[in-house]
Every structure is written in structure tokens, then in C-alpha cells.
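Being a predicted model, the structure only gives us computed values, none of them experimental. When a ligand or atom number is given, it counts from 1 through the structure's own listing order.
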Amino acid sequence: MIKALAYLGINSPRYDDWRSFGTEFLGAQLAEKGPDGAVRLRVDDAAWRLQIHPAEADAVAYIGWAVDYEEDLDAITAKLSAAGVTAERGSEADADARNVNRLITFEDPWGFRHEVVWGQHADPASFHPGRPISGFVTGSQGLGHVLLMMPDIEAGHAFFSGVLGFELSDKIIVPGRLNARFYHANARHHTLALGQCQPGSAGLNHLMLQVNSMDDVGTAYDMAEEKGVPLTLGLGRHTNDKMFSFYCSTPSSFHIEYGFDGLEVTPGEWVPRVYGKTAIWGHQLQPGAEARPPGIMHQLSAETGATQDLAADESASAAV
Ligand SMILES: [Fe+2]
């Protein structure tokens, strides 16, 4: 029922750095700042898609998901309730703050705040990229995709697929190194990915933004050195979604995958697959990348962590 990634909200002390990072490097457009001084970035005609709020520490503030019909919000609320998760209906002021018509909010078992929204405001033919690029792939495919890290990927699958309805596209399992799952909600190969991490923590690894041409990726790659943007993974092409992309660190601990030519799937017809590596070629770890944070991580409560430690062990042995 969730149809796309609508927006992403981040708290960060370096929020102001996103003005230049977002526009001059990524090619996003600066929107009017938020009431708290947040930097708001557009990648299409939507009012904004990425909002970086001033804060003392990096944190994932909220992940916004779009539905096609207003009634879907009630259906998702009921599904969450049956799974023991309480969703709150946002007030009109809450909806206005996100430039949507209506929303519900809830916290998942790993402490991420989600907002499911209907009626995201857009101003047709108003987007102007922050640097000369051909633009971003959005529309029915939404903002892009996010990769969330959690210690118990089986529980993650049960929640995001079983409760929220994300459909499995594939798994990438590299024994001892990576256990990840990829889910679609529209034609984009994946809108959500889950990666298994160490017990006791969870986090946001990256946001993927897809541009319309290979040259848009290439010019950003060239500009990374000029702008002092630290690269995480060099150019490469993924096995599963065939994305031609590179990864860089943002001013706020998580990463951006900047890509072109991602695979499109047909929801309801796609048959999930399993891969043993992430890249057909490239995506080499760049110097210094391992010393930087893997993403915006947060600690899980002892109770949650204890439950998930046990399940993570089971999951690890199942993967082998
Ligand atoms: Fe990605």
C-alpha cells in the first residue's frame, strides 16, 4: 500500500553545509527554509524532498512514505495496530509542516520514526536544478531508496514486508560480510533495503538519488574532488538493480548513492532472486572510507537489543 519514498528528514549540526552540498554537488534546488531554519531541498516539483534540521547530533528525524489514496492511511493504521504498533494521526499543523494533506506517524521496532503521507504538495513545472543536470528520476518512483541497518533482518522482513507490504525484489548475501534485502513498492527496483548490522544498534546507511543521464553521474564524480566531498565507493554497477553509481559521505554521517539507469520491475509479477555479490564491476571502497561512520547509527534499548541479538544469531546461522 505504501507506494514510494516521499521525503527524508535528518537532524544535523552541519545542516547549513547542505546548502552548497545539496545544490552545487547533488544538483538539488534550495526551497524556502523551514521555520526552525532547516535546509529544504527539492529534486522535482514537490515542495521539498529532503529536509535537514539544525540539531546537536546527527539523527534520522523521519522517513516519509507516500500512499496513492487517502483511505490507505486508515488501512495502514489498522495493519500496524494488529501488529502491536500504534500509529498516530497527525494534526493539520503536522501535515502543513510536511507540505502534505494528511499523515500518520509511528515508530518502528528499531526506533525509526515513519510518516505515511497522502497529498504531497507539488508545483508543476517549477523545478530548477542547482547545477546543470538533466534532472532526477522521481514521479511514481518517489524520491529514491533508503538502506536501513538493523541487527535482525528476519524481524525487519516480517515488519516491512509482512505488515507494511513492501515486496521482496532480491537478497544479496555475502557470507560473513553482507546480509541485505531489497524491496519494491513501485517500478523502482528497490525503494527500501535492509542490511544486517551488529546487535544493539540500527541506522540509516544511505539515500539513493537517481539522475536522468550517465553524464550527470560523471560530472558529480568529477566535482567530488573539487568540492572536497569524500567518496565512499567508486563508480560501479550493482548486480541486482543494475544501477550505475558511486557513493559519497554527506555532511551528516549517512551516504548518498548517486546513480543512473536503475532497473525497473513490475510489482506483482517480479520473481525475487538471490545474489552473492553487490557489484558487476567497480564500487571499490575508497581510501579513508572505512574510518568514517557507516551511517547515522543509534543505540537500541536493552530490551529491544536483547530480543534482536537472539534473532540475529539465528539469522546469521540461517544465512550460512
Ligand atoms: Fe543503494
Side-chain angles (χ1 to χ4, degrees), residues 4-8 10 25-28 43 49-50 60 63 65 112 136-138 141-150 153 156-157 160 166-174 177-197 202-212 214 216-217 220-221 224 229-250 252-265 270 272-286 289 292-297:
L5 181 64
Y7 55 76
L8 179 64
I10 299 292
F25 177 67
L26 295 178
V43 299
R49 291 281 200 173
L50 193 53
V60 179
I63 304 168
W65 304 103
F112 294 105
F136 295 86
V137 177
T138 58
Q141 296 191 30
L143 169 60
H145 71 235
V146 287
L147 191 155
L148 304 180
M149 295 186 291
M150 55 190 53
I153 203 165
H157 178 78
F160 287 99
F166 285 94
E167 295 180 50
L168 185 69
S169 299
D170 39 56
K171 304 179 179 181
I172 302 182
I173 300 169
V174 186
R177 282 194 48 224
L178 181 70
N179 184 7
R181 294 187 191 184
F182 301 82
Y183 300 89
H184 58 272
N186 54 55
R188 193 185 292 284
H189 171 275
H190 61 281
T191 285
L192 171 70
L194 305 178
Q196 186 154 305
C197 66
L204 167 69
N205 171 264
H206 75 267
L207 166 71
M208 190 286 302
L209 298 173
Q210 185 174 339
V211 284
N212 285 321
M214 182 181 285
D216 296 340
V217 176
Y221 197 72
V229 175
L231 294 179
T232 308
L233 301 179
L235 286 170
R237 192 183 282 274
H238 279 306
T239 49
N240 61 345
D241 71 351
K242 310 293 186 291
M243 191 76 77
F244 167 79
S245 61
F246 70 88
Y247 290 66
C248 65
S249 290
T250 69
S252 308
S253 300
F254 71 105
H255 306 273
I256 294 281
E257 178 184 7
Y258 200 76
F260 163 68
D261 203 23
L263 185 69
E264 295 185 3
V265 302
W270 179 257
R273 298 163 192 195
V274 181
Y275 298 91
K277 58 181 186 174
T278 59
I280 298 172
W281 59 269
H283 284 154
Q284 298 292 331
L285 194 65
Q286 297 296 291
R292 296 195 297 275
I296 299 181
M297 304 301 293

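Contact detail for V265 and R188: the closest heavy-atom pair is CG2-O, 4.1 Å.
The aromatic rings of F246 and Y221 lie perpendicular to each other, with more than 60° between the two planes, well past the 30° mark.
Note: L168 CG to W270 CH2 = 10.5 Å, rounded to the nearest 0.5 Å. The CG atom of D216 lies 11.0 Å from the CD atom of Q210; values are rounded to the nearest 0.5 Å.
Take the Fe ion (ligand 1) and draw a sphere of radius 2.8 Å; the protein N/O/S atoms inside it number 3.
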Kindly indicate, with the supporting measurements, whether the criterion side chain to side chain donor-acceptor pair (under 3.5 Å) is fulfilled by S245 and H283.
CA-CA 8 Å; S245 61; H283 284 154; 3.0 Å; yes
Show your working on ring-ring contact (aromatic ring centres under 6.0 Å, His included) between Y183 and H145 and close with a plain yes or no.
CA-CA 9 Å; Y183 300 89; H145 71 235; over 10 Å; no
